[in-house]
Protein chains: 2
Amino acid sequence: MATRPRTYGQRCGLAFSLDLLGERWTLLILRELDRGPKRFGDLLEGLDGIGSNLLSARLKSLQEAEVVEQVILPPPVSSPAYGLAERGLKLQPILEDLALWGFELIPDLDQSPELTTKATWAAMSMKAAMDRNPTSPPEGIFGFEVGAENFWLRVSDGESILRDGPPPFEPDAAIRLSGERFFGVASGRLALADSQAEIRGDLPRLEALLCTFRLPE
Amino acid sequence: MATRPRTYGQRCGLAFSLDLLGERWTLLILRELDRGPKRFGDLLEGLDGIGSNLLSARLKSLQEAEVVEQVILPPPVSSPAYGLAERGLKLQPILEDLALWGFELIPDLDQSPELTTKATWAAMSMKAAMDRNPTSPPEGIFGFEVGAENFWLRVSDGESILRDGPPPFEPDAAIRLSGERFFGVASGRLALADSQAEIRGDLPRLEALLCTFRLPE
DNA sequence: CCGGATCCGTAACGATACTG
DNA sequence: CAGTATCGTTACGGATCCGG
């Protein structure tokens, strides 16, 4: 039949949201796209475990629901990619709230080392905590190079965005360090001065940023 | 094996939230419990389509995760029921945000009459919109009897709660009307005066309430 | 009758192979 | 690189059964 299988069939906002977003992997796809447009292969890698057929199906549904749209990356690359549509952008604070709720329940690293760890995922919860913190962070563009991962954070006009990849402009401050040390600094266990981090640019501003951009709780 | 099947295995707040809450029906169970403790049979009815085996399994997982807890209803009933634990209460604003996001995407009644409709589900989105409205609603306890459904709303100290069932105290104002007329009034298409509603108590306060407690968008 | 547990057919998912 | 096709496995849906 034409109607989608296994929907809840209820005239309820939450149930309808889940009809669109509640299947396995869907919200994690939006999590990846939340950090900027990504190509099919990038998504496959960041989701690790999803089959290419499922990813394809999910992207199709999300486009039909106008939550995700295909975008064309700027001409040097010129390859097809996916990004959040306007309707998808509205989900951003909800994803962040859910990320904060779950973050404090994650078992410690020594208790469950089998979990795959990425600094950029932690950075999403850090940004969420920062946005909800009454003390406002310093403005600017900040670059992070954590192990092999690159991401950057922009704070301006009280708004903040987090993106994967190297910063598109020269950042106000940039930091490079290992994953382990990044988590040490982000949790406050390790002082920035002791972290052997390679830092470029405005060090005081970076230090001020790290007072609010840190692991929550 | 001991580890739960089909978890994402990622050290990410969102992924971990979904490991606990992302399976089918789970968030809808929390939606039902959000309006007060419910017994197994009440949940089966409100979810319509879930199998009793699945409901049982979900309740077990949610209790293990300390999101839901068993409660004993007060002595006249004295039967076992389920309610939100403290950790589950923290999800309430997130469920409301998701409900608001999905609400405006629900097709109109004439376009999809096959969706099952309950006034209490709509009331959840109405409460969510009210809580997020800068103009604050009047305080008090308000009873609703919509068709065969009963629910009540309490506003005090800028907090509001919505519960199924008849109000436990004499409400400041109470209204009884058909489902169709309820939706007419809630959407603003139908004036309260023309709704043939049976009203008890403080009419002006009820009218003031309905200025913010209404269908969003 | 209420609160579940058991069983089985079907739909969704996971892994891999394949194509343009 | 970006998807499609195929197929074995797992979870869900619906019914039935069981104990208080």
Side-chain angles (χ1 to χ4, degrees), chain A residues 1-10 15 18-29 32-33 37-64 68-83 116 165, chain B residues 1-10 15 18-29 32-33 37-64 68-73 76-83 114 116:
Chain A
M1 54 178 167
T3 86
R4 303 195 353 158
R6 275 201 206 176
T7 57
Y8 292 111
Q10 298 180 350
L18 294 172
D19 281 342
L20 299 179
L21 311 172
E23 292 177 301
R24 190 162 164 77
W25 293 111
T26 303
L27 287 183
L28 292 191
I29 292 172
E32 293 301 304
L33 297 182
K38 290 205 161 42
R39 293 178 305 169
F40 193 88
D42 300 331
L43 289 171
L44 270 184
E45 184 199 7
L47 295 172
D48 181 48
I50 194 176
S52 55
N53 53 350
L54 257 206
L55 177 56
S56 179
R58 292 289 184 271
L59 287 171
K60 203 165 296 178
S61 318
L62 286 169
Q63 286 176 82
E64 280 172 18
V68 162
E69 60 191 6
Q70 266 186 301
V71 300
I72 311 294
L73 292 183
V77 214
S78 224
S79 83
Y82 300 90
T116 69
Chain B
M1 53 177 167
T3 85
R4 305 195 354 155
R6 276 201 205 174
T7 57
Y8 292 111
Q10 299 180 348
L18 294 173
D19 282 342
L20 299 179
L21 310 172
E23 292 177 301
R24 190 161 164 77
W25 292 111
T26 303
L27 287 182
L28 292 191
I29 293 171
E32 293 300 304
L33 297 182
K38 290 206 162 41
R39 293 178 305 170
F40 193 88
D42 301 330
L43 289 171
L44 270 185
E45 183 199 6
L47 295 173
D48 181 49
I50 194 175
S52 58
N53 53 351
L54 257 206
L55 177 56
S56 179
R58 292 291 184 269
L59 287 171
K60 201 165 297 176
S61 319
L62 286 170
Q63 286 176 81
E64 280 171 19
V68 162
E69 60 192 5
Q70 266 187 300
V71 301
I72 312 293
L73 292 183
V77 214
S78 226
S79 83
Y82 301 89
E114 79 282 5
T116 70

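Proteins come first, then strands; the chains are lettered A, B, ... in the order of their sequence lines, and each starts at number 1.
Taking atom CD of B/Glu23 as the reference point, atom C1' of D/dT10 lies 11 Å away to the nearest angstrom. Spacing between atom CG of A/Leu54 and atom P of D/dT10 amounts to 16 Å, rounded to whole angstrom units. Protein atom CG of A/Leu55 is 9 Å distant from nucleotide atom C1' of D/dG3, rounded to whole Å. Rounded to whole angstrom, the span from the CD1 atom of B/Ile29 across to the C1' atom of C/dG3 amounts to 15 Å. If you measure from atom CZ of A/Arg39 to atom P of D/dG3, you get 11 Å, rounded to the nearest angstrom. Distance B/Leu18 CG to D/dA11 P: 17 Å, rounded to the nearest Å. Per the geometry, OH belonging to B/Tyr8 stands 14 Å off C1' belonging to D/dT10, to the nearest Å.
Applying the side chain to side chain donor-acceptor pair (under 3.5 Å) test to B/Arg24 and every residue at least two apart in sequence or in another chain returns nothing. Residues forming a side-chain contact (heavy atoms from CB on, under 4.5 Å) with A/Gln70 (at least two apart in sequence, or on another chain): A/Gln63, A/Pro80, A/Tyr82. Residues meeting the side-chain contact (heavy atoms from CB on, under 4.5 Å) test with A/Leu54, sequence neighbours left out: A/Trp25, A/Ile50, A/Arg58.
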Check: protein-nucleotides 18-20 of chain D nitrogen or oxygen pairs below 3.5 Å:
none

Dump the pairs, protein N or O against N or O of nucleotides 6-8 of chain D, anything under 3.5 Å, distances to one decimal.
| unit_1 | atom_1 | unit_2 | atom_2 | d |
| --- | --- | --- | --- | --- |
| D/dT6 | O4 | A/Asn53 | ND2 | 3.1 |

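For the pair B/Arg24 and C/dA12, the criterion of a side-chain N or O lying under 4.0 Å from OP1 or OP2 is not met. Considering only side-chain N and O atoms, B/Tyr82 lies under 4.0 angstrom from the phosphate OP1 or OP2 of C/dG4. Here A/Arg58 reaches the OP1 or OP2 of C/dC13: one of its side-chain N or O atoms lies under 4.0 Å away. An OP1 or OP2 oxygen of D/dT4 is reached within less than 4.0 angstrom by a side-chain nitrogen or oxygen of A/Lys60. Contact annotation: B/Ser56 reaches the phosphate of C/dA5 (side-chain N/O to OP1 or OP2, under 4.0 Å).
Between A/Leu62 and A/Leu33, every side-chain heavy-atom pair lies at or beyond the 4.5 Å cut-off. In this structure the side chain of B/Asp42 never reaches within 4.5 angstrom of the side chain of B/Glu32, judged on heavy atoms.
When distances run from any side-chain atom of A/Arg6 to the nucleotides D/dA2, C/dG3, C/dA12, the shortest one goes to C/dA12. Side chain of B/Phe40, nearest nucleotide from D/dA2, C/dG4, D/dC12: C/dG4. Counting only heavy atoms from C-beta on, B/Trp25 has its side chain closest to D/dG13 among D/dG13, C/dG14, C/dA5.
If you check distances only, the side chain of A/Ser52 never reaches the base of D/dA2 with a donor-acceptor pair under 3.5 Å.
Residues from residues 41-51 of chain B with heavy atoms under 4.0 angstrom of DNA chain D, sorted by number: B/Gly49.
With rounding to the nearest 0.5 Å, the separation of OH in B/Tyr8 from CG in A/Leu47 is 9.0 Å. Distance CD/A/Gln10 to CG/A/Asp19: 8.5 Å, rounded to 0.5 Å. Once rounded to the nearest 0.5 Å, the distance linking CG of A/Leu43 with CG of A/Asp48 reads 13.0 Å.
Here the closest heavy-atom approach between residue B/Ile29 and residue B/Leu55 is recorded as CD1-CD1, 3.7 Å. Residues B/Val71 and B/Pro37 approach most closely at CG2-CB, 3.8 Å, considering heavy atoms.
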Go ahead and write out DNA chain D as dot-bracket, 5' to 3': ( ) for pairs within the strand, [ ] for ones crossing earlier pairs, | when the partner sits on another strand, dots for unpaired; Watson-Crick or G-U wobble, both distances under 3.5 Å. ||||||||||||||||||||
